[in-house]
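In the text below, chain A, chain B and the rest are named by the order of the sequence lines, each starting its count at 1.
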Amino acid sequence: MSTSWPLWEVFVRGKRGLNHVHVGSLHAPDAEMALRNARDVYTRRNEGVSIWVVPAAAITASSPDEKDPFFAPAGDKVYRHPTFYSIPEDVPHL
Amino acid sequence: MADDLELRFERTVQADARIEPRDWMPDGYRKTLIRQIAQHAHSEIIGMQPEGNWISRAPSLRRKAILLAKVQDEAGHGLYLYSATETLGADREDLTLKLIEGRQKYSSIFNYPTLTFADVGVIGWLVDGAAICNQVPLCRTSYGPYARAMIRICKEESFHQRQGYELLMTMMRGTQQQRDMVQDSVNRWWWPALMMFGPPDSESTNTEQSMAWRIKRDTNDELRQKFVNMSVPQAEALGVTFPDPELRWNEERGQYDFGQPDWDEFWQVVKGGGVCNAQRIAHRRKAHEDGAWVREAAAAHAQKQAQKQAVKEGAA
Amino acid sequence: MSFDNAYESLLGHEDSHWAFGTGFSEALSGVNREFPVGVDREDIVAYCLMLGDDALIFSQRLSEWCSRAPELEEDIALANIALDLLGQARMLLTRAGEVLGKSEDDLAYLRDERDFRNVHLAEIDCGPGPGGDFGTTIARLLVFSSWRLALFSRLRGSADPVLAAVAEKGLKELAYHRDHAAQWTVRLGDGTDESHRRMQAGLERVWPFVDELFATHAVEARLTGVAVDPASLKSEVDGVLEAVLAAGGLSRPADTRAARVAGMAGRDGVHTEAMGFLLAEMQHLHRSLPGAVW
């Protein structure tokens, strides 16, 4: 059995009224621990935020270029870590 | 076809746009990035030890809290950076093994010992200061996840540098014994801090390609000069001197002239001969190996839970 | 998080983790610091030291894990818990110091072992030293945080405004600590044969020190309306521990209790042999440079 924990992508709602935004990833054995680790790693102790954790393996991503034969078919699984999301300046502590 | 991809990659980099994880990239670019980011991540993780060495002995509760929070940040930085390598297909476990087996390097500075509490301040000021000089340009590095990790890290590093300098200012206002302690610490860390920018450009092998790929944005010597220019006035404000008889303002160049570190010592430490090389790796190895049963247990529990869930769903 | 002012986090405008240095000039502004009437201040001092030393000494132990945890994420989590407890300790020592005319650092660094009032559970080595491992550390955290959470939830109603505010603030932190410990207890209990064995051994290691947590000290008995009688927490804490152990398939150790020393224990300043070494390490630099400023 692999002792290495799976990778989770972390999304944080910085404050009410904003979307959840991708902030990074981490390793955790399961969803509950991933959520707790995300709080420690990515929000430290700022209250009032909402966190999503998603198994990296569960994300389906588009190819950067639909005509790109290297990534056909387009519905490819993400290559370990889809950091497709830019971080807006107004999200605190990012 | 491949030429098209390569051309698109080159154009993206030249335009100062970001390469993202699923873009096509040359193998050499991927490999160089993994090596560079992993080395950076290892440095953060090994870098926890020299300062962590003083958490239990911090001389005030305020300093203890600051130091613990700082060392904790370094764990966070290592984590962000390992995550960035994972977007390139690397694996944290694998990189950790490479580190503890000595197959990948980390910043040599952390093989120097922390001998007094002043070292906590000087590391914050000079070592983190040098790291910031190295890292700020990396916030614009061509690889997106690395650049984003660096933005986050640089924000936190500036807190580190400030706490270090503030500790030293406080100590310099204290007793003569404390002032001596600060000067002694500066004497021990100044040259190693200069070494953090790497060997002189004339001897550095990777610079040119890395500059073209915009993985690196300034040469070793340019960054070192910038660091010296920045640090001298800070030393004066603090009331300490640097142990370099050649250090003086050059009116013509508009920069400070300075002496060269002992590059023989540098290479000796890089090759494993520093005071703490073996200790740092042994410490990291022990933590990793002692933790194996915990990581295994959590993985086993998750697997059991998933199986139970599957059975439940199958029955429903 | 604030570093400059032990009370700052009570004031509701807690700075972000990174905004270090933006402190308050007036050290205790904003927190009601009046002492309740009809209560012996010496007793309040003793009580603040009890709860403050518990947090300080346990924080010192937990911070030993820094750079030694089983995974990076856990390293960060344990440091967070240690920082929370250190924050609680600083507030409580500051409160005690107000009566004594001493600073938090005077109390942390210049008291001798006999003047520390923490329970033994906080001071023993539960790993990463030879006295335990991650399982033992989790066992201690589970017991300690379950007990302290129950205590703080009652302490919110204390007639002492600072104690009440400290409890209010600490409640969220302790709920998180307990949750963290419970999550791990279940995982280690259920995970592998080895982790089950180690988790059970961890519980056996800390169990003799549990009884002391619920023993009412004379100071606590005298401070009616200010202090919480720890004996009143027993059934609640038992219930929590039972539920967590059951979820992890672990058995509750037999109720062995460490004998007292001539009738005394941690609350009386009588400690285990580990305490002297812990303090020697923690205090030596501060004591080596009298008159130094940090």
Worksheet item: Tell me, side chain or backbone of C:L93 under 4.5 Å from chain B's heavy atoms, or both, or neither?
Response: side chain
Worksheet item: Salt bridge between C:E73 and B:R92, side-chain N to carboxylate O under 4.0 Å?
Response: yes
Worksheet item: Can you tell which of C:M199, C:R198, C:M282 has the highest number of heavy-atom pairs within less than 4.5 Å of chain B?
Response: C:R198
Item to complete: Take B:L68 and C:C66 through the side chain to side chain contact (heavy atoms under 4.5 Å, CB included) test and state the conclusion after the steps.
Response: CA-CA 8 Å; B:L68 183 54; C:C66 190; 4.2 Å; yes
Discussion item. I'd like to know which of B:V294, B:L167, B:V71, B:T116 tops the heavy-atom pair count under 4.5 Å against chain C.
Written reply: B:V294
Worksheet item: So what's closer than 4.5 Å to chain B heavy atoms on C:A69: side chain, backbone, both or neither?
Response: backbone
Worksheet item: Is there a donor-acceptor contact under 3.5 Å from the side chain of C:H286 to the main chain of B:P59?
Response: yes
Item to complete: Flag yes if more than 12 heavy atoms outside B:Q176 fall under 6.0 Å of its CD atom; otherwise flag no.
Response: yes
Worksheet entry | Interatomic distance, C:R90 atom CZ to B:L61 atom CG [nearest 0.5 angstrom] | 6.0 Å
Discussion item. Does any backbone or side-chain atom of C:A292 lie under 4.5 Å from a heavy atom of chain B? Answer side chain, backbone, both or neither.
Written reply: both
Response to the item:
In terms of heavy-atom pairs under 4.5 Å with chain C, the winner among B:K64, B:H288, B:K286 is B:K64
Practice prompt. To the nearest 0.5 angstrom, please state how far the CD1 atom of B:I55 sits from the CD atom of C:E281.
Written response: 11.0 Å
Worksheet item: If you count heavy-atom pairs under 4.5 Å between each of B:G76, B:S158, B:A287 and chain C, which one has the most?
Response: B:A287
Response to the item:
If one checks every heavy atom of C:L86 against chain B at 4.5 Å, the contacting part turns out to be side chain
Item to complete: Classify the ring geometry between B:W293 and C:F134 as parallel (under 30°), tilted (30 to 60°) or perpendicular (over 60°).
Response: perpendicular
Worksheet item: Counting heavy-atom pairs under 4.5 Å to chain C, which of B:A302, B:A58, B:G174, B:A298 comes out on top?
Response: B:A58
Worksheet item: Checking B:R63 side chain against C:W294 main chain: does a donor-acceptor pair fall under 3.5 Å?
Response: yes
Fill in: Side chain proximity check, C:I76 to B:L79, heavy atoms < 4.5 angstrom
yes
Discussion item. With a 4.5 angstrom heavy-atom cut-off, is it the side chain or the backbone of B:I45 that approaches chain C, or both, or neither?
Written reply: side chain
Worksheet item: B:E313: what forms a side chain to side chain contact (heavy atoms under 4.5 Å, CB included) with it, not counting sequence neighbours?
Response: B:Q309
Worksheet item: So, C:Q60 side chain and B:S56 main chain: donor-acceptor pair closer than 3.5 Å or not?
Response: yes
Worksheet item: Can you say whether C:R287 sits under 4.5 Å from chain B via the side chain, the backbone, both, or neither, judging by heavy atoms?
Response: neither
Practice prompt. Quick one: pull up NZ in B:K304 and CZ in C:R187 and give me the separation to the nearest 0.5 Å.
Written response: 12.5 Å
Discussion item. What part of C:D190 gets within 4.5 angstrom of chain B, counting heavy atoms only: side chain, backbone, both, or neither?
Written reply: both
Practice prompt. Assess the side chains of C:T192 and B:E296: does a donor N or O sit below 3.5 Å from an acceptor N or O?
Written response: no
Practice prompt. Could you tell me whether the side chain of B:R57 and the main chain of C:H284 form a donor-acceptor pair under 3.5 Å?
Written response: no
Worksheet, complete the sentence: Among B:E289, B:E74, B:Q178, B:Q49, the residue with the most heavy-atom pairs under 4.5 Å to chain C is B:Q178
Discussion item. Quiz question: by atom type and distance under 3.5 Å, do the side chains of C:S67 and B:H283 form a donor-acceptor pair?
Written reply: yes
Worksheet item: Quick one: CG on C:L289 to CE on B:M181, what's the gap to the nearest 0.5 Å?
Response: 4.5 Å
Discussion item. What's the separation between atom CD in B:Q177 and atom OG in C:S288, rounded to the nearest 0.5 Å?
Written reply: 8.5 Å
Item to complete: Search all heavy atoms of B:R173 against all heavy atoms of C:V293 and return the closest pair with its distance.
Response: C-CG2, 4.3 Å
Worksheet entry | Side-chain donor-acceptor contact under 3.5 Å, C:N80 with B:Q72 | yes
Worksheet item: Side chain, backbone, both or neither: which part of C:L56 has an atom under 4.5 Å from a heavy atom of chain B?
Response: side chain
Worksheet item: Quick one: what part of C:W184 sits under 4.5 Å from any heavy atom of chain B, side chain, backbone, both or neither?
Response: side chain
Item to complete: Measure the CG-OG distance between C:L72 and B:S83 for me, rounded to the nearest 0.5 Å.
Response: 9.5 Å
